[in-house]
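The structure appears below as structure tokens.
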Amino acid sequence: MAVQYQGYKQTGSQKAQATAHLAQTMSLLALNSQELTQKIESALAENPALELVDGRFCPKCHRQLKGSSPCPVCSFKESQIAGEDEPIVFLNSPSDNIGPRSGQSAELSEDFPTADKEDLPTYVLRQIGADLAADEMEIAAHLLTAINDDGLLEAKLEDIAQFFFRPISDIEAVADLIQRSDPLGVGSESSQAALLVQLEVLMKSDDEDYSLYRQAVMGGMEKLGKRRQGDLAKKLNISIEKAKEITQYIIDNLNPFPARAYWGSKRNLTNDAPTTLQKPDIIIGHQQDDQRLVVEVMWPLFGLLRVNPLFKEAVKNAPEAKADDWQIDLEQANLLIKCLAQRNHTIVRLMQIITILQREYILNGDAHMKPITRAKLAIELGVHESTISRAVAGKSVQLPSGKIVLLSQFFDRSLHVRTALKTLIAQETKPLSDTKIAKLLAKEGHEIARRTVAKYRNMEGILPAHMRKTLLAKV
DNA sequence: CTATGGCACGGATT
DNA sequence: AATCCGTGCCATAG
């Protein structure tokens with residue numbers, strides 16, 4: 001890369017700075033907002049030249065924001081640049097209380113291995129603290145420390161009861177409170193119990209189907225997990241459509257691992273890595289009166305990060321002994337800020353293109369996904385592929401529907417075919433064999449091999465044709 | 001014999 | 001260079 005700089009007279013240090021700049025931008029780009037928060041916080045702690053100005057500033061145009069979080073000036077400017085149908089993209093500084101509009105299970109997410117585990121317990125304790133007597137507090141604390149990374153309780157209630165010499169009902173009462181606080185279902189003894197709690201709170205038990213859902217969770221955990229709707233239908237003696245509806249609802253709205261943000265929604269056939277989704281790094285919404293999409297790139301901190309002007313002054317007449325150190329601090333601070341700006345710029349541009357390309361998908365759902373590759377995007381943006389990879393890695397997006405998906409999902413090559421397949425099967429009168437499905441899909445323009453149909457079918461948890469037949473006959 | 005799932009290969013993607 | 005994904009071939013079940 002040194003080649004780029006041929007012809008320019010650069011001193012060694014400038015060159016070093018340029019490469020350092022690049023390197024740091026790269027590494028920052030790969031971080032999502034949570035990781036970035038940590039990074040910035042530690043930088044803030046170590047480097048006296050940095051300061052976090054409180055109050056809300058637009059990180060882009062540096063105007064102070066009055067109340068409303070989107071910066072009117074910026075978004076206006078962006079929209080002018082973007083033109084009519086194109087999205088408005090802007091940075092948004094505050095990052096508190098973001099979360100799906102539905103507002104439940106995906107809210108909290110202290111879920112990175114490095115993320116402080118103490119946070120979850122304290123977080124919960126803060127919620128319920130007011131309702132507890134002092135002695136109950138102790139029980140709660142005890143319970144909360146026994147919660148594992150998934151948000152499930154590892155200890156047995158009886159043991160704890162013994163430990164405190166209290167009747168088990170006392171412990172249960174506290175446990176109930178905990179389970180009903182924010183990451184709904186935390187501190188349940190099993191995934192199943194967690195689901196039941198969530199179900200109870202969400203549906204308020206006045207829904208007519210409540211008992212059905214309840215049974216589905218009680219009886220069919222494995223079936224839900226593997227998305228075997230067929231088996232579920234059989235077990236509950238209901239139609240397969242109903243079974244699908246139930247599983248879908250559960251997958252969309254409930255969370256067997258309360259400490260993790262989301263589950264399902266992306267097919268992890270490869271059981272592992274339940275791809276923990278966190279607070280979104282990017283939020284896409286739209287204004288009612290406007291066709292344009294509004295894209296907010298989240299800024300992980302409150303306020304504006306900048307070089308402390310006082311420090312800058314101080315460096316000028318620094319005492320001999322400290323001068324060098326301070327100078328270095330200052331440079332690093334500048335560098336960090338520059339890199340952050342660069343990172344944001346890259347992400348904003350990336351999102352601009354993506355929202356244009358995947359507009360249909362964003363608004364209308366999976367079926368309208370267009371297969372795009374990182375490589376193509378890289379050409380379009382005029383950056384290296386790896387830049388895109390980094391920018392996409394580990395980030396998540398909240399769609400207007402409130403659904404949170406990984407940014408990498410925008411590059412899923414087969415999603416649109418799979419949804420086509422799903423609708424096909426949903427409409428079938430008699431079970432279609434994979435071969436027939438393949439032909440039908442080909443007519444719709446999705447040329448895939450028979451073998452691949454089977455794979456997709458599996459991914460979506462749809463049973464093979466003959467099994468579907470027996471089920472339909474039964475109902 | 002037909003419909004599917006398993007294994008593994010090759011090309012594309014990252 | 002490592003990984004993912006579609007696909008072909010073959011074994012197995014119905």
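Bear in mind the structure is a predicted one, so any value in this text is a computation, not a measurement. Excluded from the calculations below are hydrogen atoms, water molecules and symmetry mates; all remaining heavy atoms, backbone and side chain alike, are included. A, B, ... follow the sequence lines: proteins, then strands. Residue 1 opens every chain.
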Under-3.5 Å N/O pairs linking protein and nucleotides 10-14 of chain B:
from	atom 1	to	atom 2	distance (Å)
dT14(B)	OP1	Arg374(A)	NH1	2.6
dT14(B)	OP2	Arg374(A)	N	3.4
dT14(B)	O3'	Ser389(A)	OG	3.3

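- Think of the region where chain A sits on DNA chain C: with heavy atoms and a 4.0 Å cut, that region ends 5' and 3' at dC5(C) to dC9(C).
- Closest approach to the Ala465(A) side chain among dC7(B), dG5(B), dT4(B) is made by dT4(B) (side chain taken as heavy atoms from C-beta onward).
- Using modelled atom types, one side-chain atom of Thr346(A) and one backbone atom of Gln342(A) make a donor-acceptor pair closer than 3.5 Å.
- Residue pairs that meet the ring pair (Phe, Tyr, Trp, His ring centres under 6.0 Å) test with at least one member in residues 346-374 of chain A, sequence neighbours left out, are Tyr361(A)-Phe410(A).
- For the side-chain contact (heavy atoms from CB on, under 4.5 Å) test, residues two or more places apart in sequence or in another chain that qualify with Ala391(A) are Leu29(A), Leu350(A).
- Residues satisfying the side-chain contact (heavy atoms from CB on, under 4.5 Å) test with Arg374(A), not counting sequence neighbours, are Ile388(A), Ser389(A), Val392(A), Ser408(A), Phe411(A).
- Applying the ring pair (Phe, Tyr, Trp, His ring centres under 6.0 Å) rule to pairs touching residues 430-458 of chain A yields His416(A)-His446(A), sequence neighbours excluded.
- For the side-chain contact (heavy atoms from CB on, under 4.5 Å) test, residues two or more places apart in sequence or in another chain that qualify with Leu28(A) are Gln24(A), Leu31(A), Leu36(A), Lys39(A), Leu336(A), Cys339(A), Leu340(A), Arg343(A).
- For Lys455(A) and dG6(B), the NZ to P distance is 9 Å, given to the nearest whole Å.
- Thr25(A) meets the side-chain hydrogen bond (donor to acceptor under 3.5 Å, both in side chains) test with no other residue; sequence neighbours excluded.
- Note on Arg457(A): only backbone sugar-phosphate atoms sit closer than 4.0 angstrom, heavy atoms only; bases stay farther off.
- A side chain to side chain donor-acceptor pair (under 3.5 Å) check over residues 375-388 of chain A, counting only residues at least two apart or in different chains, returns the pairs His384(A)-Ser386(A).
- Listed by first and then second residue, the salt bridge (Lys or Arg N to Asp or Glu O under 4.0 Å) pairs that reach into residues 432-444 of chain A are Asp434(A)-Arg457(A), sequence neighbours excluded.
- We find that OH of Tyr456(A) is positioned 17 Å from C1' of dG5(B), with the value rounded to whole Å.
- Within residues 434-453 of chain A, the residues having any heavy atom closer than 4.0 Å to DNA chain B are, in order of number, Asp434(A), Arg450(A), Arg451(A).
- Between Asp412(A) and Arg418(A) a salt bridge is recorded (basic side-chain N to carboxylate O distance below 4.0 Å).
- At the heavy-atom level, Ser414(A) lies under 4.0 Å from the strands shown only through sugar-phosphate atoms.
- Residues passing the side-chain contact (heavy atoms from CB on, under 4.5 Å) test with Arg413(A), sequence neighbours excluded: Pro371(A).
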